[in-house]
**Q** 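There's a structure below that I have some questions on.
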Amino acid sequence: MTRYAGRRAVVLGQDTGIGIGLAIAKRLVEGGARVVLTARTAAESAHARTELGSAARVVDSPDGSFGAAPDDLDGPDLLFADSVATARPLLPLLRDGGAVVLTAPAPSPAAVRALATELAPRGIRVNAVAPGCIEAAPAVASPLPPLGRLGSAEEVARAALFLATEATFTTGAQLPVDGGLGPS
C-alpha cells in the first residue's frame with residue numbers, strides 16, 4: 001500500500017503507555033511513509049525495532065523528544081506528539097502545509113486551538129485525539145464506555161491519521177476516541 005508514500009513523519013513523546021505512537025508508526029510505514037519514532041526505554045526501543053523492522057528509524061529518547069533533530073529527518077510533513085511542549089522544538093522543521101496531531105489522553109483544547117492559530121499562516125493544521133478507555137492503559141478502574149468494550153491503540157492511530165491526512169479543512173479540533181464515554 002502506498003497511501004502515505006512520499007510522507008515524512010515524526011512520532012514522539014508517546015508517554016501514554018498504551019502503544020499509540022507505535023500503532024501510528026506501523027500504519028504510516030505500511031502506507032509507505034518514512035518514519036522516525038522515539039522510544040523512552042531500551043525495552044520500548046527493541047520492541048519498536050522488532051515491530052517496524054528497517055522501515056522506520058527508532059531513536060532512543062528517555063524524555064520522548066529529540067535533543068537535536070536527526071540528520072535524516074529532512075523536513076517532516078506530519079508530526080505526532082503527546083503535548084505542545086514536546087512538539088514545539090520540531091515545529092520550525094515541519095514543512096508548510098503539514099499537520100500536527102497531539103495524542104495525549106487529555107490535551108488542553110485551549111492549547112490545541114492556540115497552536116492551530118499560531119501555525120495557520122504556514123498552512124499547518126493542528127488537531128488532537130483524546131483517547132480514553134483504551135486497552136493496556138495504566139491500571140485505573142473505570143466504567144466501560146457506552147460501546148461496551150475497551151478501545152485499542154490501533155483505533156486511536158486511525159483517528160490520528162484521519163486528522164493528519166484526510167481532515168484537510170480541520171484545525172484546532174479535539175476528537176474524542178473513547179467509545180462514547182465523553183468528559184468525566
Side-chain angles (χ1 to χ4, degrees), residues 1-66 69-83 86-87 90 93-95 98-105 107 124-138 147 149-168 170 173-179:
M1 175 189 266
T2 58
R3 179 178 198 163
Y4 306 119
R7 304 305 287 267
R8 290 179 201 80
V10 176
V11 183
L12 56 92
Q14 306 302 312
D15 194 24
T16 59
I18 55 179
I20 293 171
L22 180 58
I24 291 169
K26 284 172 76 171
R27 290 190 68 83
L28 286 164
V29 165
E30 289 167 359
R34 289 180 45 207
V35 178
V36 176
L37 170 70
T38 61
R40 292 178 184 269
T41 67
E44 285 180 6
S45 181
H47 179 69
R49 284 184 177 96
T50 299
E51 290 288 317
L52 299 172
S54 62
R57 179 163 175 227
V58 180
V59 177
D60 295 325
S61 175
D63 68 353
S65 64
F66 291 118
D71 294 335
D72 62 350
L73 198 55
D74 190 30
D77 54 346
L78 302 174
L79 175 60
F80 299 89
D82 62 356
S83 70
T86 307
L90 290 177
L93 300 175
L94 191 63
R95 290 181 176 195
V100 175
V101 178
L102 303 176
T103 59
I124 296 173
R125 297 171 296 103
V126 178
N127 294 293
V129 292
C133 295
I134 304 300
E135 293 172 341
L147 286 181
R149 65 175 178 83
L150 296 176
S152 69
E154 174 66 24
E155 289 171 307
V156 178
R158 286 194 303 262
L161 287 166
F162 166 75
L163 288 172
T165 63
E166 302 294 326
T168 57
T170 302
Q174 184 171 335
L175 177 63
V177 185
D178 61 7

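All values below come from the heavy atoms of this structure, side chains included, with hydrogens, waters and symmetry mates left out. These numbers were taken from a predicted model, which means no experiment stands behind them.
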**Q** Just how far is it from atom CG of Leu79 to atom CD1 of Ile124, taken to the nearest 0.5 Å?
**A**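 So the gap between those two atoms works out to 9.0 Å.
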**Q** Using modelled atom types and a 3.5 Å cut-off, is there a donor and acceptor pairing between side-chain atoms of Arg3 and backbone atoms of Arg27?
**A** no
**Q** Report yes if the side chains of Leu12 and Leu90 come closer than 4.5 Å at any heavy-atom pair, otherwise no.
**A**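 Yes, close enough: below the 4.5 Å cut-off.
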**Q** So, for Val177 and Ala159, which heavy atoms are closest and what is the spacing to 0.1 Å?
**A** CG2-CB, 3.6 Å
**Q** If only atom types and distance count, is the side chain of Arg57 paired as donor or acceptor with the main-chain N or O of Arg34 below 3.5 Å?
**A** no
**Q** Please name the pair of heavy atoms, one in Ala48 and one in Leu37, separated by the smallest distance, quoted to 0.1 Å.
**A**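 In this case the closest contact between Ala48 and Leu37 is CB-CD2, 3.7 Å.
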**Q** Which pair of non-hydrogen atoms, one from Leu150 and one from Glu135, has the smallest distance, and what is that distance?
**A**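 Nearest pair, atom of Leu150 first, then Glu135: CB-CG, 3.7 Å.
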**Q** Sequence neighbours excluded, which residues qualify as side chain to side chain donor-acceptor pair (under 3.5 Å) partners of Arg49?
**A** Ser45
**Q** May I ask you to test the Thr103-Val156 pair for a side-chain heavy-atom distance under 4.5 Å?
**A** no
**Q** Taking Arg95 for its side chain and Gly75 for its backbone only, find out whether a donor-acceptor pair lies under 3.5 Å.
**A**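 Present.
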**Q** Quick check: closest heavy atoms across Cys133 and Asp178, and the distance to 0.1 Å?
**A** CB-O, 4.3 Å
**Q** Which residues pass the side chain to side chain contact (heavy atoms under 4.5 Å, CB included) test with Ala164, sequence neighbours left out?
**A**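 Listed in chain order: Leu78, Phe80, Ala99, Val101.
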**Q** Within the structure provided, determine whether Ser83 and Leu102 are in side-chain contact (heavy-atom separation under 4.5 Å).
**A**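 Counting from C-beta outward, Ser83 and Leu102 never come under 4.5 Å.
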**Q** Which distance, rounded to the nearest 0.5 Å, do you find between the CZ of Arg125 and the OG1 of Thr165?
**A** 8.0 Å
**Q** Looking at Ala153 and Ala23, what are the two nearest heavy atoms and their distance?
**A** O-CB, 3.7 Å
**Q** Holding to side chain to side chain contact (heavy atoms under 4.5 Å, CB included), I want the full list of residues that pass it with Glu51, two or more places apart in sequence or in another chain.
**A** Leu22, Lys26, His47
**Q** Holding to side chain to side chain contact (heavy atoms under 4.5 Å, CB included), I want the full list of residues that pass it with Ala173, two or more places apart in sequence or in another chain.
**A** Asn127, Thr170
**Q** What residues form a side chain to side chain donor-acceptor pair (under 3.5 Å) with Arg7, not counting sequence neighbours?
**A** Asp77
**Q** Just one of Val10, Leu163, Leu94 clears the side chain to side chain contact (heavy atoms under 4.5 Å, CB included) bar with Val100, so which one?
**A**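 Exactly one candidate clears the test, Leu94.
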**Q** Taking side chain to side chain donor-acceptor pair (under 3.5 Å) as the definition, give me every residue that meets it alongside Glu155, ordered by chain and number, with sequence neighbours left out.
**A** Arg149, Ser152
**Q** Run the salt bridge (Lys or Arg N to Asp or Glu O under 4.0 Å) test against Arg158 and tell me which residues pass, sequence neighbours left out.
**A** Glu154
